[in-house]
Structures are given as C-alpha cells and as structure tokens.
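Read through the structure below, which is laid out as structure tokens, and then see the notes.
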Amino acid sequence: MKKEQRLKRREDFRRVYQHGTVKFGRYIVMHLLPVSDSTTKVGISVSKKVGNAVVRNQVKRRLREIIRLNWEQLPEQHYVVFGAKVKSRYASYQQLQTDFYQLLKV
RNA sequence: UAAGUGAAUUAGAUGAUCGCGGGAGCAAUCCUGAGGAAAGUCCGAGCUCCACAGGGCAGGAUGCUGGGUAACACCCAGUGGGGGCGACCCUAAGGAAAGUGCCACAGAGACAUACCGCCUGUUCAUACAGGUAAGGGUGAAAAGGUGAGGUAAGAGCUCACCAGCAAUUAGGUGACUAAUUGGCUAGGCAAACCCCAUCCGGAGCAAGGCCAAAUAGGGGAGAAGGAAUUGCCCGUUCCGUUUUACUCCCGGGUUGGCUGCUUGAGGCAUUAGGCAACUAAUGUCCUAGAUAGAUGAUCAUCCUCGACAGAACUCGGCUUAUUGAUUCACUUAGCAU
C-alpha cells in the first residue's frame with residue numbers, strides 16, 4: 001500500500017461513516033462511499049477493544065497484506081474503511097482472507 | 001543424588017518470493033529498521049518556554065552511617081533489629097522529660113490506679129482503716145526477669161547473673177561496638193498531629209521555533225484602580241485615573257507543512273584507582289525516527305518453535321508482567337571413596 005492509496009484525514013473517515021454503506025462480515029466490517037474526484041483510498045480501523053498494541057498491530061498488518069494482494073478487486077473511485085471486530089484477534093490470516101472475499105462478493 | 005540460596009546470559013536462526021518506514025544515488029541498486037521490560041507514568045535529571053531584587057509564612061519530599069552520581073525516593077559498602085540449621089533474605093531504622101492525642105474488647109486499673117488475695121489494727125462477728133504489686137484474674141501490652149536473703153505481709157529493700165539506662169576509657173571517618181564503674185529506674189504508638197535536620201519556582205515536545213493559509217481589528221458589562229512576582233503576605237516593578245489601561249462574558253477563525261528529532265551524563269575493549277557502586281585515561285564503533293503511525297504473509301530445514309509484550313523528545317532508576325533454556329558461585333542432607 002502506497003501512501004497515496006491510504007485514507008488519512010479524520011474528516012474523510014467521518015464522511016465514510018456517516019454517508020457510506022456498511023457490510024458486515026464474520027471478522028471485518030466494510031464501509032463504502034463512492035467519490036467522484038479521487039481514486040480509491042483505503043483506511044483500516046482497529047479499536048482498543050480488540051487487544052493491546054501487539055495484537056492490534058498484528059490484525060492491521062494482516063488486513064493490509066490482504067488489501068495489497070487483492071487491490072484489483074476493490075471498486076474504483078471509492079473510499080473504503082475496514083473495521084476489525086473484536087473476534088478478529090483470534091482469526092488466522094486465512095480466515096480473514098476468506099471473510100474479505102465474501103464481503104467483496106456481496 | 002535431592003532440596004535450596006545468590007548472580008548472569010539468551011529472547012529463535014538460515015534461505016526463497018511478494019511488500020512497508022528511513023538514508024544514499026540521475027537511475028539500477030545498496031545500507032538500515034522495536035524491548036528486557038519499549039509497559040505503568042511512580043521518582044530523578046537534561047532540553048524548551050514562562051517568571052525572577054529580596055524576605056517571611058504555608059505546603060511537599062527525604063529520614064541509621066559512610067561513599068557513588070548530573071540528580072534521585074536509586075546504587076554500593078557497613079551498623080542496629082528480625083527470620084532461616086545454613087548459603088542468605090527482610091528492614092520508613094531521627095526525636096516519646098516541648099506539647100496535644102490515641103491505646104478497641106476484656107479488666108479494679110492503659111499512666112496512675114488495690115477487684116480478689118496477703119498482713120496489721122479496731123471489733124464477738126460482719127465490717128472499717130492502714131500497709132502491700134509476691135500470687136489470682138483480664139489483655140497485644142500491667143510495677144524489669146530468674147534465684148537467694150529479708151519481712152507482720154511484701155517490695156531492687158539487699159545480693160548474684162541477665163536485660164535496660166547513664167558516665168568514663170579504648171577502637172572506628174561514622175552509625176556503633178567492647179570493657180569498667182555507678183545509681184538500681186513507673187508503658188506503647190510519631191506509616192497520629194507534631195518537633196528537629198536537609199532539600200524543593202511553574203508548565204511540558206500537543207514544550208518551543210519558522211513558513212503558509214484563514215479569520216478578526218468586533219459587541220456587551222464592570223471600572224478607579226489594575227497587573228506581574230504561577231499557594232499567601234510584605235516588599236518591589238509596570239500600566240492607568242480625559243472613553244483608550246485592565247478584568248469578565250458573548251461572537252468569529254485555525255488546528256496544514258518544515259523544524260525540534262536523534263551522537264548521547266552513548267556502547268564496547270584494555271589499563272589504572274577503589275572491598276564495591278563508580279571514576280579516569282587510551283583505543284574503537286555509530287545502532288529506528290514513524291506521524292491513520294513503518295517489521296507482515298506463504299513455504300522449506302534445524303530441536304519440541306515457545307511467554308510477557310510494540311519506540312513516539314532523550315537519558316538514570318524503581319515497580320509490575322513473563323516462557324523455554326544455559327552458565328557460574330555457594331549451602332544443607334544422604335551415599336561412595
């Protein structure tokens with residue numbers, strides 16, 4: 001994931017949460033918002049409920065890896081925010097990946 | 001061999017593919033990239049800004065001695081006390097004749113007191129008066145303890161030993177220790193207030209600096225005094241008393257980029273000093289700097305693959321969490337020689 005592919009500003013996150021559509025998976029939550037003036041950007045959110053800093057980092061890295069390898073499958077010209085559910089701390093890489101594919105299909 | 005005590009080390013490795021942060025380079029590419037606790041934010045400093053002639057009070061911290069350090073509540077070496085057969089471990093350990101306060105329940109009595117008992121006197125007797133801390137009972141704690149003498153009964157009343165106190169002498173830088181002598185003595189709690197000694201400005205990298213953008217030069221109230229001296233007072237300084245100083249309230253705007261940002265009371269080795277903590281000299285090494293926040297995924301091999309856990313200005317400590325090993329020194333018990 002390059003820097004320009006990331007969603008950074010607090011304002012952008014708020015827009016996606018307020019106006020976007022939501023899809024729930026087993027371990028992940030996906031927020032989608034179509035935008036006209038930008039390419040696709042992705043943000044990851046892992047709350048402190050998931051675990052301590054080590055656990056949160058692990059979940060973030062796995063999600064980032066999955067997103068990087070499947071970048072082509074994401075919709076174009078969208079802001080996407082992935083949120084990790086509390087269960088995700090027990091999920092393996094494969095489980096997260098299958099969850100990710102299912103969310104994209106729906 | 002078993003049980004144990006005290007230290008120290010390590011924190012998976014190697015290779016392949018894809019991928020991320022930082023640095024160098026025109027580029028290809030190369031180099032580099034989390035911990036022993038990075039944690040808790042509990043102490044102490046550096047650094048930055050604010051304030052600062054000075055004095056006093058309040059408040060806080062520390063509390064056996066000597067040393068180490070930039071500093072500390074930390075470390076080292078000792079002293080006293082407590083625990084363990086021992087290696088060793090624990091210890092907020094100044095002052096109780098400056099004052100105040102507290103000592104539950106029980107008990108006659110918790111700091112000045114005779115409940116039972118014992119003895120003496122008066123009395124036929126009950127009872128009363130006096131003496132008495134040896135015995136009983138209560139309690140965490142009750143007039144130093146044990147033995148002997150002594151006495152109406154007793155009591156450091158007398159003596160011996162032990163404990164405690166004071167003085168002298170000796171040793172030690174000192175906490176203190178030892179010996180001798182003396183008078184034989186009326187609790188505990190200061191992690192209760194307090195007293196004594198020593199030390200102490202405030203806020204923190206979202207500190208602070210630069211650049212850019214944006215908004216505003218506003219409205220209302222108080223007002224002859226106000227502000228600074230970051231708790232208070234004295235003192236000092238500054239501004240204002242002609243609406244304009246100043247204070248409070250309302251309203252409006254900004255939270256982008258660069259910098260601070262990693263070379264430091266730094267690590268390692270040798271030598272010298274010191275019991276040690278540590279210090280000095282010389283040589284050598286450069287080892288993260290992100291900002292929605294960089295270390296992952298998959299596979300193979302080795303030996304079973306591991307716990308706690310993720311830098312956010314930087315150091316020195318403390319405390320807490322924790323797996324599997326390895327090494328060294330020592331103690332006790334048993335067996336063999």
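Every chain is numbered from 1, with letters handed out A, B, ... down the list of sequences.
With sequence neighbours excluded, the residues that form a side-chain contact (heavy atoms from CB on, under 4.5 Å) with A:Lys60 are A:Ile44, A:Val46, A:Asn57, A:Arg64. Under the side-chain hydrogen bond (donor to acceptor under 3.5 Å, both in side chains) criterion, A:Glu65 pairs with A:Arg68, not counting sequence neighbours. Residues passing the side-chain contact (heavy atoms from CB on, under 4.5 Å) test with A:Val22 are A:Phe24, A:Val29, A:His31, sequence neighbours excluded. With sequence neighbours left out, the side-chain contact (heavy atoms from CB on, under 4.5 Å) criterion links A:Arg26 to A:Asp99. Residues satisfying the ring-ring contact (aromatic ring centres under 6.0 Å, His included) test with A:Phe100, not counting sequence neighbours, are A:Phe82.
Base pairing of B:A92 is not made with any nucleotide, judged by Watson-Crick or G-U wobble geometry with both donor-acceptor distances under 3.5 Å. If you check B:U173 for Watson-Crick or wobble pairing at under 3.5 angstrom, you find it has no partner at all. Remark: B:C157 base-pairs with B:G149; criterion is Watson-Crick or G-U wobble with both hydrogen-bond distances under 3.5 Å. Shown here, B:C196 forms a base pair with B:G63; the pair counts as Watson-Crick or G-U wobble because both key distances fall under 3.5 Å. Partner assigned to B:A2 is B:U332, using Watson-Crick or G-U wobble distances below 3.5 angstrom. Using Watson-Crick or G-U wobble geometry with both donor-acceptor distances under 3.5 Å, B:A45 finds its partner in B:U314. Using Watson-Crick or G-U wobble geometry with both donor-acceptor distances under 3.5 Å, B:A294 finds no partner in any strand shown. Nucleotide B:C20: paired with B:G33 (Watson-Crick or G-U wobble, both distances less than 3.5 Å).
To the nearest whole angstrom, the two C1' atoms, one in B:C261 and one in B:A207, are 14 Å apart. Going from the P atom of B:G182 to that of B:C161 covers 12 Å, rounded to whole Å. The separation of B:A288 from B:U263, taken at their P atoms, amounts to 7 Å, rounded to a whole angstrom. When the C1' atom is used for both B:G154 and B:A127, the distance is 25 Å, rounded to whole Å. Remark: the separation of the P atoms in B:G293 and B:C20 is 13 Å, to the nearest Å. Here, B:C43 and B:U5 have their C1' atoms 31 Å apart, quoted to the whole Å. Separating the C1' atom of B:A96 from that of B:G83 is a span of 28 Å, rounded to the nearest Å. Taking the C1' atoms as reference points, B:A87 lies 6 Å from B:C330, given to the whole Å.
When side chains are defined from C-beta on, A:Lys85 does not count as touching A:Ile28, because their heavy atoms never get closer than 4.5 Å. Proximity of A:Ile67 to A:Leu74: side-chain heavy atoms (C-beta onward) are separated by under 4.5 Å at one or more points.
Counting to the nearest Å, the P atom of B:U291 and the CD1 atom of A:Ile44 are 15 Å from each other. Atom pair A:Ile67:CD1 and B:A297:P shows a separation of 15 Å (rounding to whole Å applied). As rounded to whole Å, 14 Å separates atom C1' of B:G19 from atom CD1 of A:Ile66. Protein atom CZ of A:Arg56 is 14 Å distant from nucleotide atom C1' of B:A38, rounded to whole Å. Spacing between atom CG of A:Leu63 and atom C1' of B:A294 amounts to 16 Å, rounded to whole angstrom units. Here the P atom of nucleotide B:A297 and the NZ atom of A:Lys60 are 15 Å apart, to the nearest Å.
Applying the 90° cutoff around 0 to the glycosidic angle, B:U259 is assigned anti. B:U236 adopts an anti glycosidic conformation, its chi angle falling more than 90° from 0. The glycosidic torsion of B:G101 lies more than 90° away from 0, placing the base in the anti range. In this structure, B:G144 is classed as anti because its glycosidic torsion departs from zero by more than 90°. For B:A221, the base adopts the anti conformation, since its glycosidic angle falls more than 90 degrees from zero.
Comparing A:Arg62 and A:Ser45, the nucleotide of RNA chain B nearest to each residue sits closer to the 5' end for A:Ser45.
To the nearest 0.5 angstrom, A:Ile66 atom CD1 is 5.0 Å from A:Leu96 atom CG. Taking CD from A:Gln102 and CD from A:Gln97, the interatomic distance works out to 12.0 Å, rounded to the nearest 0.5 Å.
Note on A:Arg64: every side-chain N or O is 4.0 Å or more away from OP1 and OP2 of B:A292.
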Would you list the protein and nucleotides 307-312 of chain B atom pairs, both N or O, that sit under 3.5 Å from each other?
unit_1 : atom_1 : unit_2  : atom_2 : d
B:G310 : N7     : A:Asn57 : ND2    : 2.9
B:G310 : O6     : A:Arg61 : NH1    : 2.7

